[in-house]
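Worksheet: one structure, shown below.
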2 protein chains.
Amino acid sequence: MATMKEIARLAGVSQATVSRVINGAENVHPEIRERVMRWVRELDYQPNANARSLKQRRSNLLGVVLPGISNPFFPDVVHAVLRESYRHGRSVLLFESGGNAYHEWRCIQRLYAHRVEGMLLVPVDPEAPHLKRLKSMEIPAVVLTQEIDGFPSVSIDHREGGRLVARHFLDLGHVDVAFLGARRDPKLAGFRAALLDAGIPFGDERVIECRAWHEEATYEAYLRTKEFFQQAGRPPVSALFAYNDLAAIGALRAFEELGLSVPDDVSLAGFDNTSLSAVARPALTTVAQPTQEIGRIATDLLLEWIESGEADESPVTLVPRLVVRESTTGAMVRAAGEASR
Amino acid sequence: MATMKEIARLAGVSQATVSRVINGAENVHPEIRERVMRWVRELDYQPNANARSLKQRRSNLLGVVLPGISNPFFPDVVHAVLRESYRHGRSVLLFESGGNAYHEWRCIQRLYAHRVEGMLLVPVDPEAPHLKRLKSMEIPAVVLTQEIDGFPSVSIDHREGGRLVARHFLDLGHVDVAFLGARRDPKLAGFRAALLDAGIPFGDERVIECRAWHEEATYEAYLRTKEFFQQAGRPPVSALFAYNDLAAIGALRAFEELGLSVPDDVSLAGFDNTSLSAVARPALTTVAQPTQEIGRIATDLLLEWIESGEADESPVTLVPRLVVRESTTGAMVRAAGEASR
DNA sequence: CTGAAAGCGCTAACAG
DNA sequence: CTGTTAGCGCTTTCAG
């Protein structure tokens with residue numbers, strides 16, 4: 001591995017001069033510059049970023065921590081992050097927390113060890129105590145896909161997303177609806193609120209609990225959904241809202257096995273508008289997040305913070321968009337209405 | 001940001017002692033160790049990995065370069081890579097080449113600048129001249145999903161994958177088949193070979209050219225497929241083999257628009273067995289790659305190389321597996337046969 | 001315009 | 001068992 005010293009020796013100049021050439025300083029004689037550059041090219045020399053980082057107190061490193069890259073929602077945001085980071089001369093370290101708060105903290109520590117200039121975080125638990133510790137590290141960190149006090153964030157309005165689905169169900173004539181996901185999911189809050197506004201009570205017996213960020217989200221959703229619908233004395237359900245597309249796919253399988261047709265027997269909506277939803281059978285009605293925007297904006301925010309030294313903590317809230325496809329209909333409710341008339 | 005010097009001062013010992021404690025050296029008095037550790041915990045101190053890297057000539061960094069994380073094939077391999085790297089105390093830098101050879105080289109250079117201990121590469125072009133340069137960098141690099149001379153690699157046997165599809169088509173009674181993808185794709189070679197073995201000629205007029213690794217693989221496949229099937233005087237085609245699931249999805253859309261039913265009018269097979277293929281309508285017949293295995297084995301290989309200092313260049317070849325779902329059938333061919341009788 | 005020298009935070013001999 | 005010291009490869013005053 002070539003070092004600057006070596007280049008200096010070869011070119012017959014001092015290390016300082018090589019440094020100047022490498023860093024494009026103006027005050028170097030053209031001839032010398034050329035002589036140095038020749039050796040740089042000859043040896044494919046690249047300055048050691050670690051040494052540089054040490055001296056300049058600036059690592060050109062950014063860190064990303066997310067539950068798991070396998071959820072098809074994340075590749076798109078990572079793609080945008082990578083793109084934007086690269087454009088600004090930063091390299092990115094990627095970590096998976098596996099949806100585990102303690103492990104998330106370990107990842108953060110690792111990033112800190114590398115002295116990343118900033119990090120992008122998709123936190124497992126907004127209440128996790130390590131977030132305070134992160135704060136005290138004084139390293140720029142922006143939160144993705146949710147709002148957390150004390151951090152800048154970029155996310156969509158999840159409550160509004162839930163509301164969108166509720167209103168869609170309502171418009172279709174559904175009254176007996178259910179939610180598949182976590183009890184404290186803001187999507188559920190919005191969903192429930194819109195229902196209540198329409199005079200439709202929505203009790204906890206209508207949420208099918210299912211752990212978010214779970215590695216095998218699809219499978220768990222499949223299981224929980226199947227259990228729920230087989231359960232004696234369960235409330236009637238003509239439309240189900242799943243907390244994400246992965247879970248919706250699981251529910252889809254469950255319905256298939258239960259002999260329930262989507263959307264003829266039960267309507268189904270997902271969330272995220274991942275590639276899966278367009279391709280599923282039937283194509284899933286879902287709520288789109290501007291995935292790449294999220295990644296891009298978050299990265300830009302982070303970079304600005306790094307460069308300016310001060311955070312803009314006002315959360316960026318993007319708007320969700322309902323994408324209606326084939327998995328939701330009101331036909332079944334209307335038919336029932338006519339039959340009972 | 002705390003430094004070792006600071007901890008040393010606070011604990012009233014020398015920096016060397018702190019270093020010993022941090023690195024778990026045996027020969028430190030328990031009391032002193034505890035005193036130091038107290039401060040380490042107090043300040044959430046983490047040794048600066050860059051400084052360490054400089055001194056130890058070992059960065060604990062691994063690099064990954066792939067065309068784009070958005071192809072659903074990659075998240076799973078990255079997941080495995082991340083997992084395995086973390087287990088071995090390494091952090092990973094992720095780069096996207098965007099399927100561009102020059103950009104790939106830039107990414108490699110960046111990784112080199114960070115003095116990664118090794119890299120995992122999904123090369124854009126096996127012939128790209130920069131691979132030689134990479135070689136001369138003398139930094140361990142293993143290639144994923146293809147074999148390249150001079151590098152260890154882990155991939156499936158793509159020719160065999162192509163053969164599998166050809167034989168499946170043949171078994172179903174198809175004779176008029178086509179390939180959607182790049183002319184020099186080894187899958188095509190295997191596909192063609194199996195066809196030829198069965199006495200079925202397969203000329204270039206039956207390959208629908210479509211750029212691999214393209215950002216918008218699905219869309220391009222859609223376009224090319226549509227063009228091809230609308231073309232006057234095109235050869236008859238009752239079964240199409242797409243180079244990956246993304247492309248197959250594109251073809252699916254094209255067939256939909258053309259009013260051709262899959263599989264009743266034309267059978268369709270993809271490649272990779274991504275989550276998309278199971279969820280598509282109709283569910284795609286495809287060839288499965290052991291995605292996580294690829295990531296895990298490649299990482300292990302790389303780590304061994306790093307640790308031992310010598311490469312095992314014999315390529316690891318994993319076996320592809322045909323996954324038959326709903327998008328392929330022989331019914332249509334049989335019907336035609338009966339009709340002509 | 002160029003070189004000498006100090007030092008970023010850490011590890012690793014080497015003394016003691 | 002502990003401290004002193006010399007760099008790792010680079011940038012950056014400060015002289016010249």
Side-chain angles (χ1 to χ4, degrees), chain A residues 1-37 39-40 43-61 89 109-117 137 139, chain B residues 1-37 39-40 43-61 89 109-117 137 139:
Chain A
M1 298 217 184
T3 80
M4 221 161 90
K5 199 157 133 195
E6 208 172 322
I7 303 273
R9 187 176 52 73
L10 258 13
V13 297
S14 77
Q15 235 187 83
T17 299
V18 179
S19 177
R20 288 192 188 99
V21 172
I22 293 288
N23 294 295
E26 294 299 300
N27 49 352
V28 179
H29 191 91
E31 247 168 54
I32 296 214
R33 173 190 305 282
E34 191 38 50
R35 182 141 44 97
V36 170
M37 282 310 290
W39 283 108
V40 167
L43 305 187
D44 264 334
Y45 170 73
Q46 288 278 122
N48 183 324
N50 299 296
R52 223 176 204 174
S53 166
L54 204 57
K55 182 71 199 181
Q56 300 187 142
R57 323 173 121 270
R58 171 171 196 287
S59 61
N60 289 315
L61 252 28
Q109 288 186 107
R110 282 272 267 268
L111 289 177
Y112 175 65
H114 288 291
R115 296 303 185 267
V116 293
E117 292 183 72
M137 279 178 174
I139 147 167
Chain B
M1 298 219 184
T3 80
M4 221 160 90
K5 199 156 132 195
E6 209 171 321
I7 302 274
R9 186 176 54 74
L10 258 13
V13 297
S14 76
Q15 232 188 85
T17 299
V18 179
S19 177
R20 287 189 189 101
V21 171
I22 293 287
N23 294 294
E26 295 298 300
N27 48 354
V28 179
H29 191 91
E31 249 169 52
I32 296 214
R33 173 190 305 283
E34 191 38 49
R35 182 141 45 96
V36 169
M37 282 309 290
W39 282 109
V40 167
L43 305 187
D44 265 335
Y45 170 73
Q46 289 277 123
N48 183 324
N50 298 297
R52 223 176 204 175
S53 167
L54 202 58
K55 181 70 199 182
Q56 298 187 143
R57 322 171 123 273
R58 171 172 197 287
S59 62
N60 288 317
L61 251 30
Q109 289 185 108
R110 282 273 268 269
L111 289 177
Y112 174 66
H114 288 290
R115 297 302 186 267
V116 294
E117 294 182 73
M137 279 178 174
I139 148 168

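Within every chain, numbering begins at 1; the chains are lettered A, B, ... in the order of the sequence lines, protein sequences first and strands thereafter. Bear in mind the structure is a predicted one, so any value in this text is a computation, not a measurement.
Shortest non-hydrogen contact noted between A/Asn23 and A/Arg52 is OD1-NH2, 2.8 Å. Across all non-hydrogen atoms, the minimal contact from A/Leu54 to B/Ala51 is CD1-CB, 3.5 Å.
The nucleotide whose nearest atom lies closest to any side-chain atom of A/Thr17 is, among C/dG3, D/dC10, C/dT11, C/dG3. The side chain of B/Gln56 lies closest to C/dA12 when the candidates are C/dG3, C/dA12, C/dC10. Taking only side-chain atoms of B/Leu54, from C-beta outward, the nucleotide of D/dT12, C/dG9, D/dC1 with the closest atom is C/dG9. When the nucleotides D/dC10, D/dT2, C/dT2 are ranked by their closest atom to the side chain of A/Ile32, C/dT2 comes out on top.
If one axis is set at each end of the helix from C/dC1-D/dG16 to C/dG16-D/dC1 from five pairs, those axes are 40° apart, to 10°.
Along DNA chain D, the nucleotide nearest to B/Arg115 and the one nearest to B/His29 differ in position, and the one closer to the 5' end is contacted by B/His29.
Contact annotation: the side chain of A/Arg33 never approaches that of A/Val13 to less than 4.5 Å [non-hydrogen atoms, C-beta and beyond]. By the 4.5 Å heavy-atom criterion applied to side chains, B/Glu117 and B/Asn60 are counted as neighbours. You'll find the side chain of B/Trp39 stays beyond 4.5 Å of the side chain of B/Val18, heavy atoms only. Residues A/Ile7 and A/Ile22 form no side-chain contact, since every pair of their non-hydrogen atoms from C-beta on lies 4.5 Å or further apart. In this structure, B/Thr3 and B/Arg9 have side chains that are not in contact, with every pair of non-hydrogen atoms separated by 4.5 Å or more. Proximity of A/Pro47 to A/Met4: side-chain heavy atoms (C-beta onward) are nowhere separated by under 4.5 Å. Inter-residue side-chain proximity for A/Tyr45 and A/Glu6 is flagged as unmet; no heavy-atom pair is nearer than 4.5 Å.
Listed by chain and residue number, A/Tyr112, B/Met1, B/Gln46, B/Asn48, B/Asn50 satisfy the side-chain contact (heavy atoms from CB on, under 4.5 Å) test with A/Arg115 (two or more places apart in sequence, or in another chain). Residues forming a side-chain contact (heavy atoms from CB on, under 4.5 Å) with A/Ala16 (at least two apart in sequence, or on another chain): A/Ser14, A/Arg20. With sequence neighbours left out, A/Arg110 forms a side-chain contact (heavy atoms from CB on, under 4.5 Å) with A/Phe95, B/Tyr86, B/Ser91.
For C/dG9, one of the phosphate oxygens OP1 or OP2 lies less than 4.0 angstrom from a side-chain nitrogen or oxygen of A/Arg57. Contact annotation: A/Asn23 reaches the phosphate of D/dT11 (side-chain N/O to OP1 or OP2, under 4.0 Å). The phosphate of D/dT11 (OP1 or OP2) has a side-chain N or O of A/Ser19 nearer than 4.0 angstrom. In this model, the phosphate group of D/dC10 is approached by a side-chain N or O of A/Tyr45 to a distance below 4.0 Å at OP1 or OP2.
Between B/Asn27 atom CG and D/dT2 atom C1' there is a gap of 9 Å when expressed in whole angstrom units. Rounded to whole Å, the distance from NE2 on A/His114 to P on C/dG9 is 17 Å. As a whole-Å value, the separation of B/Asn48 CG from D/dC8 P is 18 Å. Atom-to-atom, CD of A/Glu31 to P of C/dT2 comes out at 10 Å; the value is rounded to the nearest Å. As a whole-Å value, the separation of A/Asn50 CG from C/dT11 P is 13 Å. Distance CD (B/Gln46) to P (C/dC10): 11 Å, rounded to an integer number of Å. Per the geometry, CD belonging to A/Gln15 stands 16 Å off P belonging to C/dT2, to the nearest Å. Here the C1' atom of nucleotide C/dG9 and the CZ atom of A/Arg58 are 19 Å apart, to the nearest Å.
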Dump every N/O contact between nucleotides 14-16 of chain C and the protein below 3.5 Å, one line per pair.
none

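For the segment residues 4-14 of chain A, the set of residues with a heavy atom within less than 4.0 Å of an atom of DNA chain C comprises A/Val13, A/Ser14, in numerical order.
Between the side chain of B/Gln15 and the backbone N or O of B/Ala8 there is no donor-acceptor pair closer than 3.5 Å.
The base of D/dG7 is paired with the side chain of B/Lys55 by a donor and an acceptor separated by under 3.5 Å.
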